[in-house]
Amino acid sequence: MKRFFLALILITACAFAQAVVCFSEENMPTSYEMEIVLFESEQAANISLRVTYCNTTGEPLNHLMFSLYANCFRRESTLPYDNDTLIKAFPYGYAPGGMDIKSIRVDGEEAMWAVSGENEAYLRVPVALESGDTCVIDFEYTLLLTKNHAFLGMSDTDIRFTGFYPSLCVYEDGDFATNALTRAGRSLYSGLCNFNIRLILPVDYDIACAGEIASLDAGDRKIISFRIENARQAAFAVSRKFHKKTDTSASGVLVSAYGQARSDLKEAAGYAASAIDFFEKTIAPFPYSSFTLCFSSLAGQNLSASGIALLARDGFDKTEICKQVALQYFYDRVHPNPAMEAWLSDGLAEYLAMICIRETEGDSAFARLLNSRVLPSLQITIPGGLTPASESTRFQTISEYETVISLRGAAALHEVETAMGEEAFLSGIKEYLKENAFKTPVSDDFVRAFERATGRNWANAIYHWLYTIDEYAGENLYEYN
């Protein structure tokens, strides 16, 4: 067994030693190469990570900033869950977890790194990097996994890996953007990445992940490799109890659905494939050659990462599956800051999912969906003057976030589509995707896309509905038809 792991280390070192070519494109992907050895009985994983970064900022850099979102598990007071969600996320009680960093090297030299924040969620690594130069950062750390139903950890049925590695922050406006962890909504803001991951785990475990999988059995261990290119976030789940069903979109995108229960997996894969067909026909080719759904022991919000969606086991819902397909475009291929422009991902994906339902099941199904999902969000009062354009840090609960960002955001977009018509609306979405692929757009970029697509100025209408949609509740209640 010792020889086996020594060989793996040598293989990894050789792979990491390959020459790196630095391209000058502004959005050149950062390379993440990692080896993960899972020790399930110890509830831990040893991880070696190499990040290869080319400075395309146009400025000299003296440090890099990384997000360490796994460290929100270090203390109960810093968990990113509101009180209503906390007991569901930690039904077994709280136990500390997070990253135990052993060493960080920059170009082979030990670095004087430091973490900051109450939950040690940000990492500063000193570098001396002129514009156009490349550096290599090596991380060695142990990931401590707690038993929970949160976004990272172990349950009775699976182990979820999301937010499990140092993620390089986006550089903009002369500094790295360090988004605060929120108790509602996503906050990971990452640049474009290529991931090359090797996972070593017990031979009887299966994996749900994005990308093409290569698997090799070696005694009582299994080596799984997968690669994801032009991505924003890597995530996967492993389990002894996964069942799998597959389907294929009209263009050949392979859809895989994993879960502990066989029921619904085939229907989920088929519905995701049909959603991909709709979005490819109306807005753009799907960003990846495959897409994975994983039904997991998950509390709080469903999770979207590059090429994969993790959903609660009891969360099979056609609209949610359509939304997860849409998020592959509007959270991943274009990547607005999720703390500042959340409506551009979750709100837009929510409404496009409803349009997908309209296409596949008709206008009556669409109207029922608006009345059952959207209308109730307009009939309740949420204090604080929150609108779909509010920053994520202002929301105290996941329920508030979903009500305002996703559902009221969908209501605002419905009014916009009603005003301009379906054809113009989808033309604007198509233009927005084309012009902002691999970029980090803001609301004004969305508005300008509609101006280019239609030749008309829609700024007043779009911003009007985003900021006033809640005023059309109360005395102005109506049903969608």
Side-chain angles (χ1 to χ4, degrees), residues 79-89 149-151 162-163 179-188 293 295-296 298-305 309-331 336-357 366 368-415 465-470 472-473 480:
L79 291 170
Y81 293 99
D82 58 73
N83 291 336
D84 290 341
T85 309
L86 187 61
I87 193 169
K88 300 175 185 176
H149 292 172
F151 69 82
T162 177
N179 281 358
L181 285 165
T182 69
R183 294 188 181 274
R186 66 182 87 236
S187 52
L188 181 65
L293 293 170
F295 292 90
S296 175
L298 186 68
Q301 296 167 304
N302 292 328
L303 301 171
S304 177
L310 275 67
L311 298 90
R313 282 188 296 170
D314 58 355
F316 173 65
D317 175 273
K318 291 179 179 179
T319 308
E320 185 62 32
I321 288 176
C322 292
K323 180 177 179 178
Q324 292 301 324
V325 173
L327 282 170
Q328 295 299 307
Y329 295 93
F330 299 103
Y331 176 63
N337 187 329
M340 305 294 291
E341 305 275 1
W343 77 272
L344 278 177
S345 52
D346 285 359
L348 186 54
E350 180 79 33
Y351 187 59
L352 285 169
M354 295 179 184
I355 293 180
C356 183
I357 297 293
F366 177 67
R368 288 195 299 270
L369 197 57
L370 289 173
N371 285 312
S372 63
R373 286 174 75 97
V374 172
L375 189 56
S377 76
L378 302 174
Q379 296 172 324
I380 62 175
T381 300
I382 295 178
L386 296 168
T387 73
S390 295
E391 296 179 16
S392 297
T393 52
R394 295 185 60 193
F395 293 90
Q396 298 301 310
T397 69
I398 290 174
S399 176
E400 281 185 357
Y401 178 91
E402 291 292 341
T403 296
V404 177
I405 294 290
S406 296
L407 298 175
R408 289 185 183 175
L413 289 167
H414 178 61
E415 299 298 340
W465 288 112
L466 282 173
Y467 286 101
T468 66
I469 190 65
D470 61 322
Y472 291 82
Y480 293 99

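Numbering of residues begins at 1 and proceeds along the displayed sequence.
Looking only at distances, a side-chain donor or acceptor of D82 sits under 3.5 Å from a matching main-chain atom of I398. Using a distance-only test at 3.5 Å, with no hydrogens or angles considered, a donor-acceptor pair links the side chain of Q328 to the main chain of A305. The closest donor-acceptor contact from the side chain of R408 to the backbone of G347 lies at 3.5 Å or more, if one exists at all. Between the side chain of S392 and the main chain of S187, no donor-acceptor pair closer than 3.5 Å is present. In this structure a side-chain-to-backbone donor-acceptor pair under 3.5 Å is missing from R373 to E350. Distance alone, capped at 3.5 Å, places no donor-acceptor pair between the R183 side chain and the P80 backbone.
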> Can you list the steps and then say if L386 with F395 is a side chain to side chain contact (heavy atoms under 4.5 Å, CB included)?
Replying inline: CA-CA 8 Å; L386 296 168; F395 293 90; 3.6 Å; yes

>> Quick one, Q301 with E402, criterion side chain to side chain contact (heavy atoms under 4.5 Å, CB included). Give me CA distance, side-chain angles, the key distance, then yes/no.
In response: CA-CA 9 Å; Q301 296 167 304; E402 291 292 341; 3.2 Å; yes

> Does the side chain to side chain contact (heavy atoms under 4.5 Å, CB included) test come out yes or no for L352 and Y329, once each step is laid out?
Replying inline: CA-CA 11 Å; L352 285 169; Y329 295 93; over 6 Å; no

>> Show, in sequence, the C-alpha distance, side-chain angles and deciding distance for E415 and T468, and conclude whether the side chain to side chain contact (heavy atoms under 4.5 Å, CB included) test is met.
In response: CA-CA 11 Å; E415 299 298 340; T468 66; over 6 Å; no

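Nearest heavy atom pair, residue L298 against residue A150, reads CD1-O, 3.7 Å. Of all heavy-atom pairs between A312 and F295, the closest is O-CD2, 3.6 Å. Closest of all the heavy-atom pairs between V374 and A411 is CG1-CB, 3.4 Å. Residues A342 and P338 approach most closely at CB-O, 3.4 Å, considering heavy atoms. In this structure, I355 and F366 approach most closely via the heavy-atom pair N-CE1, 4.2 Å. Between G300 and T85, the shortest heavy-atom contact is CA-CG2, 3.7 Å.
In this structure, the separation between CG on D346 and OH on Y401 is 3.5 Å, given to the nearest 0.5 Å. Here the CG-CG distance, from L407 to L370, works out to 10.5 Å after rounding to the nearest 0.5 Å. The distance from atom CD1 of I382 to atom OG1 of T387, rounded to the nearest 0.5 Å, is 11.0 Å. Annotation: the span from L369 atom CG to K318 atom NZ amounts to 11.0 Å, rounded to 0.5 Å. Going from atom CD1 of I380 over to atom OG1 of T403 covers 4.0 Å, rounded to the nearest 0.5 Å. Rounding to the nearest 0.5 Å places CG of L303 at 11.5 Å from CG of L188.
Looking at heavy atoms from C-beta onward, S296 lies out of side-chain contact with L311 at the 4.5 angstrom threshold. P388 is listed as a side-chain neighbour of I469, based on a closest heavy-atom distance under 4.5 Å.
The ring-ring contact (aromatic ring centres under 6.0 Å, His included) test applied to Y351 returns H414, F425, not counting sequence neighbours. Qualifying side chain to side chain donor-acceptor pair (under 3.5 Å) partners for Q324, counting only residues two or more places apart in sequence or in other chains: E320.
Ion pair K323/D317 not flagged as a salt bridge, since none of the NZ, NE, NH1 or NH2 atoms sits closer than 4.0 Å to an Asp/Glu carboxylate oxygen.
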